[in-house]
Every structure is written in structure tokens, then in C-alpha cells.
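One structure is given here, and the rest of the page talks about it.
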Amino acid sequence: QVQLVESGGGLVQPGGSLRLSCAATGSGFDSYTMAWYRQAPGKQRELVARIGRGGSTNYADSVKDRFTISRDNVKSTVYLQINSLKPEDTAVYYCNKWPPVMNWGQGTQVTVSS
């Protein structure tokens with residue numbers, strides 16, 4: 001089955017940047033709308049950004065102009081470039097299809113703290 005493995009998270013100071021990667025295995029990647037989600041402690045998982053099969057993108061208002069989602073269909077990988085990080089960005093970040101019909105993976109932890 002198709003699996004997604006997130007990586008690239010870490011501990012960063014406010015204002016810093018990270019580049020998250022989501023590597024997919026399996027076939028059919030280029031036919032999926034892909035998305036990044038995040039879940040902070042005690043909060044519901046939320047949609048952060050999504051990218052369509054043709055490259056169109058959508059962002060949550062809270063991350064617009066700071067986060068950039070992209071995809072490489074050759075590598076079957078989705079990326080999330082996150083700039084100007086704020087403490088409220090602290091969460092576990094997950095990738096999935098949109099709608100999120102795949103099983104959730106382990107995610108990658110992003111912690112923004114001074």
C-alpha cells in the first residue's frame with residue numbers, strides 16, 4: 001500500500017525556517033491532491049496547505065505568505081517550506097492526500113521556541 005514518511009522537523013527559534021519532506025511509496029502519486037496537516041497538543045488536526053495534481057495551491061490563513069507547499073512527482077515527494085516560524089506553529093506535521101483518506105503516519109515534530 002501507499003505509505004508516507006515525513007521528515008525535516010526539529011527545534012527552531014522564532015523567525016527560523018524549516019523544510020519538511022514527505023516521501024511517498026506506491027503508485028499513483030501524480031494523480032493525488034496532496035496536503036500538509038498539523039496538530040498541536042490538545043487541538044484538532046488542521047489543514048495547513050494543499051497542492052493539486054496540476055500544482056495549484058491553497059493555504060490556511062495562518063500560514064499564508066510564510067509557508068510554501070510544492071511537489072516533485074518524479075521523486076513522489078511533497079515539501080513544505082516554512083519561514084518566519086512562530087511559537088504557534090509548534091505541532092506535529094503530517095502529510096496525506098486531500099481529502100485525508102490514507103492512514104496517518106508518524107508525522108514530524110516542529111517545535112518553535114526560544
Side-chain angles (χ1 to χ4, degrees):
Q1 65 178 32
V2 176
Q3 296 181 342
L4 301 170
V5 179
E6 302 94 341
S7 62
L11 173 63
V12 297
Q13 294 184 330
S17 298
L18 286 172
R19 181 175 170 84
L20 309 184
S21 297
C22 172
T25 60
S27 61
F29 177 82
D30 61 0
S31 69
Y32 308 145
T33 294
M34 298 296 298
W36 283 96
Y37 307 80
R38 68 184 181 186
Q39 186 170 26
K43 297 183 178 180
Q44 295 183 341
R45 183 179 284 112
E46 65 176 345
L47 175 66
V48 174
R50 64 186 182 191
I51 184 166
R53 292 164 292 189
S56 61
T57 58
N58 296 94
Y59 299 92
D61 288 342
S62 60
V63 307
K64 187 177 181 181
D65 298 327
R66 299 189 299 118
F67 289 22
T68 302
I69 187 171
S70 61
R71 67 191 298 164
D72 185 334
N73 288 340
V74 175
K75 296 182 178 180
S76 295
T77 301
V78 183
Y79 304 96
L80 187 68
Q81 177 68 43
I82 48 183
N83 299 324
S84 302
L85 280 160
K86 304 175 180 179
E88 53 262 43
D89 294 320
T90 295
V92 178
Y93 285 71
Y94 303 88
C95 62
N96 210 312
K97 297 178 181 179
W98 188 87
V101 296
M102 299 178 66
N103 291 333
W104 297 104
Q106 298 300 306
T108 185
Q109 176 72 49
V110 172
T111 302
V112 185
S113 176
S114 60

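These numbers come from the heavy atoms of this one structure, side chains and all, not from hydrogens, waters or symmetry mates.
From Cys95, atom SG reaches atom CD1 of Ile51 across 12.5 Å, with rounding to the nearest 0.5 Å. To the nearest 0.5 angstrom, Asn73 atom CG is 11.5 Å from Arg53 atom CZ. Rounded to the nearest 0.5 angstrom, Thr25 OG1 and Leu4 CG are separated by 7.5 Å. Here the CD-CZ distance, from Glu46 to Arg38, works out to 4.5 Å after rounding to the nearest 0.5 Å. If you take CZ on Phe67 and OG on Ser17, they are separated by 10.0 Å, rounding to the nearest 0.5 Å. Between atom CG of residue Asn58 and atom CG of residue Leu47 there is a gap of 8.0 Å, rounded to the nearest 0.5 Å.
Minimum interatomic distance between Ala49 and Leu80 (heavy atoms only, all atoms of both residues): CB-CD1, 4.4 Å. Scanning all heavy atoms of the two residues, the minimum distance from Ser27 to Tyr32 falls at O-OH, 2.9 Å. A pairwise comparison of heavy atoms in Ile69 and Tyr59 identifies N-OH, 3.0 Å as the closest pair. For the pair Val110 and Leu85, the tightest heavy-atom approach, listed with the atom from each and the gap, is CG1-CD2, 4.4 Å.
For the pair Arg66 and Asp89, the minimum side-chain heavy-atom distance is below 4.5 Å. Looking at Gln109 and Leu11, their side chains never come closer than 4.5 Å, going by heavy atoms from C-beta outward. Leu20 places a side-chain heavy atom less than 4.5 Å from the side chain of Thr108. Between Lys97 and Met34, some side-chain heavy-atom pair lies under the 4.5 Å cut-off. Between Tyr94 and Gln39, some side-chain heavy-atom pair lies under the 4.5 Å cut-off. Two residues are said to be in side-chain contact when any heavy atoms from C-beta on lie closer than 4.5 Å; Lys75 and Ser21 fail this criterion.
Of the possible polar contacts, one joining the Thr90 side chain to the Val112 backbone as a donor-acceptor pair under 3.5 Å is found.
Met102 and Val48 fall within the same hydrophobic cluster, defined by Ile, Leu, Val, Met, Phe, Trp and Tyr side-chain heavy atoms under 4.5 Å apart, directly or through other members. At a threshold of 4.5 Å between side-chain heavy atoms, the hydrophobic network of Ile, Leu, Val, Met, Phe, Trp and Tyr places Val92 and Val63 in two separate groups.
Taking the six-membered ring for Trp, Tyr37 and Trp104 have ring centres closer than 6.0 Å.
A 6.0 Å sphere centred on CD of Gln44 holds no more than 12 heavy atoms belonging to other residues, nucleotides or ligands.
Both tests hold for Arg71 against Phe29: distance to the six-membered ring centre under 6.0 Å, angle to the ring axis within 45°.
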